[in-house]
*Asks:* 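Dropping a structure here in structure tokens format, bear with me for questions.
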Number of protein chains: 2
Amino acid sequence: MASIKVKNDGPASPRKRAANGAGAASMKAKPAAGEADKPPAKPKARTTGKGRPLTRIQREKQDIILEAALDVFSVYGFRGSTIDQIAEVAGMSKPNLLYYFPRKEDIHRRLISELLVTWLEPLRDIDADGDPIPEIRSYIRRKIEMARDFPRESRLFANEMLQGAPHIIDMIEVDLKNLVDEKAKVLEGWMDTGKIARTDPYHLIFSIWATTQHYADFDVQVRAVLGRDRGGEGRFEDAARYLEQLFMTGVLMPKKRA
Amino acid sequence: MASIKVKNDGPASPRKRAANGAGAASMKAKPAAGEADKPPAKPKARTTGKGRPLTRIQREKQDIILEAALDVFSVYGFRGSTIDQIAEVAGMSKPNLLYYFPRKEDIHRRLISELLVTWLEPLRDIDADGDPIPEIRSYIRRKIEMARDFPRESRLFANEMLQGAPHIIDMIEVDLKNLVDEKAKVLEGWMDTGKIARTDPYHLIFSIWATTQHYADFDVQVRAVLGRDRGGEGRFEDAARYLEQLFMTGVLMPKKRA
DNA sequence: AAGAATTTTGACCAGTTGGAAAAATGTTAG
DNA sequence: CTAACATTTTTCCAACTGGTCAAAATTCTT
């Protein structure tokens, strides 16, 4: 128990799925693994950021790396993760990995910026012209599904936040703020028409983020507390049901009518 | 922006209050800084864990270190933090720090175990014989206050969770689970008597944790989104007010009666 | 003030880390 | 087949890491 050997310190070392060929790093739809490997075209690496089209092979390798990096970064954060670790999970040598991403920061930046886009999609999708309550309910549902299906992305984000969002603070302050401002206005509009209860739209959004992401970020705790019987896959369903009630009617005041 | 010099990487480097004499490391009531320095008694260090009484000077130094370590660990996590960093924040040399805590892990362990005790106090304090709704409301209020007053402790905890709670998994699985089980039963009892709405007690507790700790763990985000006008100290008051409404009546269904 | 105990420091170490260079090994177009 | 390019591996390095140790400085006791 007291045998931290500097390398591979925590019990939760990410070494699960190692470099599964076409592992998708981001949350985009998986490529439906069935296409045969077409002979790779001219790559021309070392100029990744320049203008070259980027061959399929390169893209695949990068995906493997990003996938591995997500495993590692999402657990240990940027500073707590090492290139060696990522390389090992990705199943390649460190210099080979550095051939695709010249510096550690590059991998992280890619991960983070790709994340931010997809992470906010559900919020962006809230339709001002839709039916208020169904819109919000489906938003909550989608966020819970993301916590279930993309916990690593959630943790990567959480790690970044805990550190003060050093790499994305400007995006947070501009893009995210603008988006939330916009949606807050939508919510206020709905409140004005009496379609939903009047409340603080910002804190409403915060509480949806908090409650849903909790199931990804604090997964260990959730499972431990729920125990063997209730900690299985069904926990997300239970959570969704509970959150429905929480946001719809609250969970403290007993029902007025029997 | 791309000038990570390996040392001091993130913008949010903790270097705020450096070793303020009697900085209290844990959340216990501050010693009401007024007592004159009584002449320190015989310390006898290097045997910290043994049986010696531990002089006041030693306790003060350890507090300074723990305070600094909390600054650092809460941001970068265990692996992402370095002894040098902590020593610098604590305003002492690394060997000097190691004189008080022979290994990095020792500091972290102390921090974590002290944390766990106080962190759960509010939950522990929920009184089965109290008035249900006030009990829960004051629980929520206390948790929000903790997020405001002890954000570093919250982040330290969050960091640990994100990594799979490697250092406290057994405490989580036993002590925490037992406590939550107990309080869940209390809640269920209240539901049985119709004092509060019937709902899932475990997820109710999760949602309180999530919503309150969010204001500490995702503080950067919260402040950025709220902007200059609303992101000030008042945000915790607003949050408390909002959460009150959320848990009491929900925030979606418009009020039945005008 | 002297001796004893404690605290602090400076030098040092072995292992790790991010990364560079270049040689070695594919791969492919002609 | 071979030149030209892409990829991978080997070797290497300087800075950083957690930690040791003995000497020096300080503090305490008497």
Side-chain angles (χ1 to χ4, degrees), chain A residues 2-9 19 37-48 50 52-62 64-65 69 72-73 76-88 90-108, chain B residues 2-9 19 37-48 52-62 64-65 69 72-73 76-88 90-109:
Chain A
S3 71
I4 281 194
K5 274 288 297 283
V6 176
K7 191 166 195 175
N8 181 19
D9 115 81
D37 303 50
K38 283 197 287 281
K42 234 176 270 183
K44 189 68 175 180
R46 203 60 99 173
T47 52
T48 300
K50 257 320 164 54
R52 278 354 165 288
L54 206 34
T55 78
R56 214 190 68 173
I57 284 193
Q58 283 178 316
R59 239 179 295 125
E60 282 181 7
K61 286 276 181 166
Q62 289 192 358
I64 292 176
I65 294 171
V72 179
F73 280 139
Y76 297 109
F78 182 75
R79 291 196 33 172
S81 304
T82 70
I83 300 185
D84 295 87
Q85 223 181 146
I86 298 170
E88 196 193 326
M92 63 179 74
S93 68
K94 176 172 62 172
N96 194 189
L97 181 151
L98 285 168
Y99 170 72
Y100 290 101
F101 292 90
R103 22 203 81 248
K104 184 185 176 186
E105 221 196 325
D106 297 339
I107 314 178
H108 192 255
Chain B
S3 71
I4 281 195
K5 273 290 295 291
V6 175
K7 192 166 195 174
N8 181 17
D9 114 82
D37 301 51
K38 284 197 288 277
K42 234 176 273 182
K44 189 68 176 182
R46 204 58 102 172
T47 51
T48 300
R52 276 358 163 288
L54 207 33
T55 78
R56 217 188 69 176
I57 284 192
Q58 284 177 316
R59 238 179 295 123
E60 282 181 7
K61 286 278 180 165
Q62 290 191 358
I64 292 175
I65 294 171
V72 178
F73 281 140
Y76 297 109
F78 182 76
R79 291 195 34 169
S81 304
T82 70
I83 299 184
D84 295 89
Q85 224 181 147
I86 297 170
E88 196 192 328
M92 62 179 71
S93 68
K94 178 171 60 171
N96 194 189
L97 180 150
L98 285 167
Y99 170 72
Y100 290 100
F101 293 91
R103 22 203 85 245
K104 184 184 176 186
E105 221 197 327
D106 297 339
I107 315 177
H108 192 254
R109 203 201 313 282

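Reminder, nothing fancy here: chain letters follow the sequence lines and each chain counts from 1.
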*Asks:* Would you kindly give the CG-to-P distance between A/Asp106 and C/dG19, to the nearest whole Å?
*Replies:*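 Computing the A/Asp106:CG to C/dG19:P distance gives 8 Å.
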*Asks:* Between A/Ile86 (CD1) and C/dT17 (C1'), how many Å, whole number?
*Replies:*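 Those two atoms, CD1 and C1', are 12 Å apart.
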*Asks:* Would you mind reading off the distance between A/Phe73 atom CZ and C/dG18 atom C1', rounded to a whole angstrom?
*Replies:*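 Taking atom C1' of C/dG18 as the reference, CZ of A/Phe73 is at 12 Å.
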*Asks:* Nearest 0.5 Å please: distance from the CZ atom of B/Arg59 over to the CD1 atom of B/Ile64.
*Replies:*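 Here the interatomic distance stands at 13.0 Å.
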*Asks:* Heavy atoms, side chains only, cut-off 4.5 Å: are B/Phe73 and B/Ile86 in contact?
*Replies:*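 In short, these two side chains touch, coming nearer than 4.5 Å.
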*Asks:* On a heavy-atom basis, which atom in A/Phe78 and which in A/His108 lie closest, and how many Å separate them?
*Replies:*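 In this case the closest contact between A/Phe78 and A/His108 is CD1-CG, 3.5 Å.
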*Asks:* Atom CD1 of B/Ile83 and atom P of D/dT20: how far apart are they, to the nearest Å?
*Replies:*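 From B/Ile83 CD1 to D/dT20 P: 9 Å.
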*Asks:* Can you name the nearest heavy-atom pair linking A/Met92 to A/Ile65, along with the distance?
*Replies:*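 What the structure gives for the nearest pair is CE-CG1, 3.8 Å.
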*Asks:* Going from CD on B/Gln58 to OH on B/Tyr100, what distance comes out if it is rounded to the nearest 0.5 angstrom?
*Replies:*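 Atom-to-atom, B/Gln58:CD and B/Tyr100:OH are 6.5 Å apart.
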*Asks:* Without decimals, in angstroms, what is the distance between B/Lys104 NZ and D/dC16 C1'?
*Replies:*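 Going from B/Lys104 (NZ) to D/dC16 (C1'), I get 12 Å.
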*Asks:* Whole angstroms only, please: what is the CD-C1' distance between B/Gln58 and D/dT26?
*Replies:*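 From B/Gln58 CD to D/dT26 C1': 15 Å.
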*Asks:* List in chain and number order the residues that pass salt bridge (Lys or Arg N to Asp or Glu O under 4.0 Å) with A/Lys94, two or more places apart in sequence or in another chain; answer none if no residue qualifies.
*Replies:*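 A/Asp84.
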*Asks:* Once you round it to whole Å, what is the distance between C1' of D/dG19 and CG of B/Asp84?
*Replies:*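 Whole-Å distance recorded here is 11 Å.
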*Asks:* Distance check needed: D/dG19 P versus B/Phe101 CZ, whole Å only.
*Replies:*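 That distance rounds to 13 Å.
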*Asks:* Would you say A/Arg103 reaches C/dG18's phosphate, i.e. side-chain N/O to OP1/OP2 under 4.0 Å?
*Replies:*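 It does not, given that no N or O in the side chain of A/Arg103 lies less than 4.0 Å from OP1 or OP2 of C/dG18.
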*Asks:* When you get a sec, tell me which of D/dT20, D/dT17, C/dG19 is the closest nucleotide to the side chain of B/Leu98?
*Replies:*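 In terms of side-chain proximity for B/Leu98, the closest of D/dT20, D/dT17, C/dG19 is D/dT20.
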*Asks:* Grab the N/O contacts between the protein and nucleotides 8-13 of chain C below 3.5 Å, and write none if there aren't any.
*Replies:*
| from | atom 1 | to | atom 2 | distance (Å) |
| --- | --- | --- | --- | --- |
| C/dT8 | OP1 | B/Lys61 | NZ | 2.6 |
| C/dT8 | OP2 | B/Asn96 | OD1 | 3.3 |
| C/dT8 | OP2 | B/Asn96 | ND2 | 3.0 |
| C/dT8 | OP2 | B/Tyr100 | OH | 2.8 |
| C/dT8 | O5' | B/Asn96 | OD1 | 3.2 |
| C/dT9 | OP2 | B/Ser93 | OG | 3.4 |

*Asks:* For C/dT17, does either OP1 or OP2 sit under 4.0 Å from a side-chain N or O belonging to A/Arg79?
*Replies:*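 No.
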*Asks:* Mind checking whether B/Lys61 and B/Tyr99 have side chains closer than 4.5 Å, heavy atoms only?
*Replies:*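 Sidechains of B/Tyr99 and B/Lys61: no contact.
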